[in-house]
Amino acid sequence: MAETKREIERKYEATAETRLPDLTRAAGVASVTGEGVTALDAVYYDTADLRLAADSLTLRRRTGGRDAGWHLKFPVAAGVRDEIAAPLSETLPPSLAELLRSRLRHTEVVPVVRLRSSRDVRHLRDADGTILAELSVDTVHADRLLGGEGSAAWTEIEVELADDTDPAVLDAVEKRLRKAGIHPSGAPSKLAHALDETGLAPEPRHPAPPAGDGTAGAAVLAYVREQIEAVVRLDPAVRRDLPDAVHQMRVACRRLRSAFKTYRKVLDREVTDPIGAELKWLAGELGHSRDQEVLDARIGDALDALPRDLRHGPVRGRLRTWGNARSRAARHQALDALDSPRHLALLDALDGLLADPPLRPAARKKAGKVLPKAIRRDHRRLADRMGPALGLDPGHERDLALHEARKAAKRTRYAAEAAAPALGKPAKRFAKKVKKVQSLLGDHQDTVVARTALDDLARQAESAGEPSFTWGVLHARQEAAAAAQERRLPEVWEKAVPPGLRAALGH
């Protein structure tokens, strides 16, 4: 079973002659205890084209020390990584292979570099003897294992924060180290240092187009590349069930589909339409999990806000049982989709699109000429849906029409956001105004979905002999919320249609 640990550490350059300062003078550190020297032997794995290293991922098999085994590290922020460990075995553990599937696909990992280290460990403790951080002086020898020969040796200092400890400890220790002339390392990890020193530095898989060429093709491809990278990066996050991962992956899928449709004058739809259909499938498979997250939060919050005398029967238990069953089914569906050959084929197709972009003649034109026209076209599409929807009486037909308008608002917003790096503030301001419309329509749609769920909960309660009164009260409150949102909508929509739209979008 794989285990996850949040690793917060800092690395510093050193030599064999480097002497550590008195760290008990660092704020919060009362004592420093020596823990002895350990020999570590780690083989780092990657694909032959170093695609894991290109994404700042680290995969190693290490022997020696108290944490021998396989380790997979995902970057979180500067100096922060999530380390996922699995027991020592001869081959890559399935639990880690799954998390690498969006990167590896059909490719095997191979040994790329071996690091042998002598680690001299010290524990920095507070006045109660609690460990605040672990400091190690590592003497490292690296040997290249992939595509040639090469070796390197260096010494470095590593300070890793203990669990549940204030990161200010690292600042205090660094202050003492800097005063002693010890400075932060230029390499983010031992692997990065070893690759650089042995001539194995990875290259980007899909180099960006020349910066500042100002063409519509460059602007659209930059946005498309960003969303494709998000889909790949979020795959393991969804598998790990990280907060908001499903939602963010669905958003990336939607943004890509919208870009393909909005900028069809830039990218050939004969290529992008089939990919867009597969993105719609993936977003749909992920959607059940996301919808359940939203429902659980919405109904749970509504139940919390309800006075006690309006809660009849075992409503919390009923909601928990109902939500857990649906969440498990939705999660299984999402994971089945990510494990399917269809998902891998989609990722390959996205790679192919970046490797050989299907650019049309308009891609060579200036972004300021092409992008505003596409945004205005999407805005007209939104207006064509909003007008009729606002003219309908409240009810099922209006709910459906407003949902269609919501989808058009998303597309218009995404179009403006994609163009913002090229068009600047006018596109950003316009995107914010449309986002307000989309958010209000989204809140309205959430009430529609919640009412359907509350009907289901009421039927289940009645079948079990429980009162359905509370679910009816919540249903009525969702109806009232929808009515309030509908009353606000005309004003919010009016502000999203600024006079002089052509000028606002820089054309």
Side-chain angles (χ1 to χ4, degrees), residues 1-12 42 44-47 50-62 67 69-86 92-93 95-104 109 115 131-136 138 156-174 184-196 202 204-205 225-252 286 289-290 293 334-335 338:
M1 179 66 70
E3 299 180 358
T4 302
K5 179 182 183 299
R6 176 61 55 88
E7 178 185 84
I8 303 175
E9 65 181 20
R10 298 182 187 178
K11 295 181 180 295
Y12 301 87
Y44 288 76
Y45 288 77
D46 205 330
T47 58
L50 299 177
R51 64 185 66 167
L52 300 184
D55 284 348
S56 300
L57 271 65
T58 299
L59 174 65
R60 74 184 178 204
R61 181 184 184 275
R62 188 163 77 181
D67 62 345
W70 286 87
H71 306 125
L72 172 60
K73 298 186 181 186
F74 287 96
V76 176
V80 183
R81 294 186 292 181
D82 279 347
E83 180 180 280
I84 303 169
L92 179 63
S95 59
L96 301 188
E98 289 175 1
L99 298 178
L100 291 171
R101 200 160 188 253
S102 65
R103 267 91 169 189
L104 301 182
V109 293
L115 299 185
I131 298 174
L132 301 174
E134 179 176 285
L135 182 148
S136 64
D138 296 341
E156 68 179 36
I157 297 169
E158 182 177 291
V159 185
E160 182 175 347
L161 194 69
D163 294 342
D164 304 319
T165 301
D166 188 344
V169 170
L170 295 181
D171 294 332
V173 172
E174 180 164 312
S185 171
S189 67
K190 286 184 175 65
L191 175 61
H193 194 151
L195 293 178
D196 184 56
R205 296 190 67 198
R225 178 180 291 102
E226 181 181 339
Q227 305 315 315
I228 291 174
E229 289 174 351
V231 170
V232 173
R233 183 182 69 254
L234 289 164
D235 178 298
V238 171
R239 294 175 187 275
R240 295 171 60 199
D241 203 18
L242 296 185
D244 208 37
V246 170
H247 173 58
Q248 293 300 326
M249 192 170 185
R250 289 187 77 205
V251 168
L286 297 172
S289 182
R290 171 58 182 171
E293 287 178 6
L335 292 179
L338 295 184

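- Distance CG/Asp163 to CD/Glu7: 11.0 Å, rounded to 0.5 Å.
- Between Leu191 and Leu57, the shortest heavy-atom contact is CD2-O, 4.3 Å.
- Under the 4.0 Å criterion applied to side-chain N and carboxylate O atoms, Lys5 and Glu83 are not assigned as salt-bridge partners.
- Interatomic distance, OG1 of Thr4 versus CG of Leu242, reported as 8.0 Å (0.5 Å rounding).
- No donor-acceptor pair under 3.5 Å is formed between the side chain of Arg10 and the backbone N or O of Val173.
- With salt bridges taken as basic N to acidic carboxylate O contacts below 4.0 Å, none links Asp235 and Arg101.
- Considering only heavy atoms from C-beta on, Leu195 stays 4.5 Å or farther from Tyr44 through its side chain.
- Atoms CE and CG, on Met249 and Leu286 in that order, are 5.5 Å from each other to the nearest 0.5 Å.
- For Val159 against Ala133, the heavy-atom pair with the smallest separation is CG1-CB, 4.1 Å.
- No side-chain heavy atom of Ser136 sits under 4.5 Å from any side-chain heavy atom of Glu160.
- Qualifying side chain to side chain contact (heavy atoms under 4.5 Å, CB included) partners for Arg233, counting only residues two or more places apart in sequence or in other chains: Arg103, Ala230.
- Residue Tyr45 forms a side-chain contact (heavy atoms from CB on, under 4.5 Å) with just one option from Leu52, Leu59, Leu96, and that option is Leu59.
- For His193, the ring-ring contact (aromatic ring centres under 6.0 Å, His included) partners two or more places apart in sequence, or in a different chain, are Trp154.
- Contact detail for Pro236 and Ser102: the closest heavy-atom pair is CD-OG, 3.8 Å.
- Side chains of Ile84 and Arg240 form a contact here, defined as non-hydrogen atoms less than 4.5 Å apart.
- Taking the side chain as every heavy atom from C-beta outward, Gln227 and Val231 never approach each other to under 4.5 Å.
- Residues Tyr12 and Ser185 are not in side-chain contact: their nearest non-hydrogen atoms beyond the backbone lie 4.5 Å or more apart.
- Shown here for Arg81 and Pro75, the closest heavy-atom pair between the two residues is CG-CA, 4.0 Å.
- A distance of 11.5 Å separates CG in Asp55 from CG in Leu50, rounded to the nearest 0.5 Å.
- One distance of note links CG of Leu115 with CZ of Arg62; it measures 10.0 Å at 0.5 Å rounding.
- Of the charged side-chain nitrogens involved, at least one lies within less than 4.0 Å of a carboxylate oxygen, so that Lys11 and Glu9 count as a salt-bridged pair.
- Remark: Asp138 engages Arg119, Lys190 in a salt bridge (Lys or Arg N to Asp or Glu O under 4.0 Å) (not counting sequence neighbours).
- Across every non-hydrogen atom of Ala86 and Pro93, the tightest pair is CB-CG, 3.8 Å.
- Atoms CG and CG, from Leu170 and Leu161 in turn, are 4.5 Å apart once rounded to the nearest 0.5 Å.
- Using a distance-only test at 3.5 Å, with no hydrogens or angles considered, a donor-acceptor pair links the side chain of Asp166 to the main chain of Ala168.
- Heavy atoms only, all atoms of each residue included: Ala192 and Ser189 are closest at N-OG, 3.1 Å.
- By the 4.0 Å N-to-carboxylate-O rule, Glu293 lies close enough to Arg290 to be salt-bridged with it.
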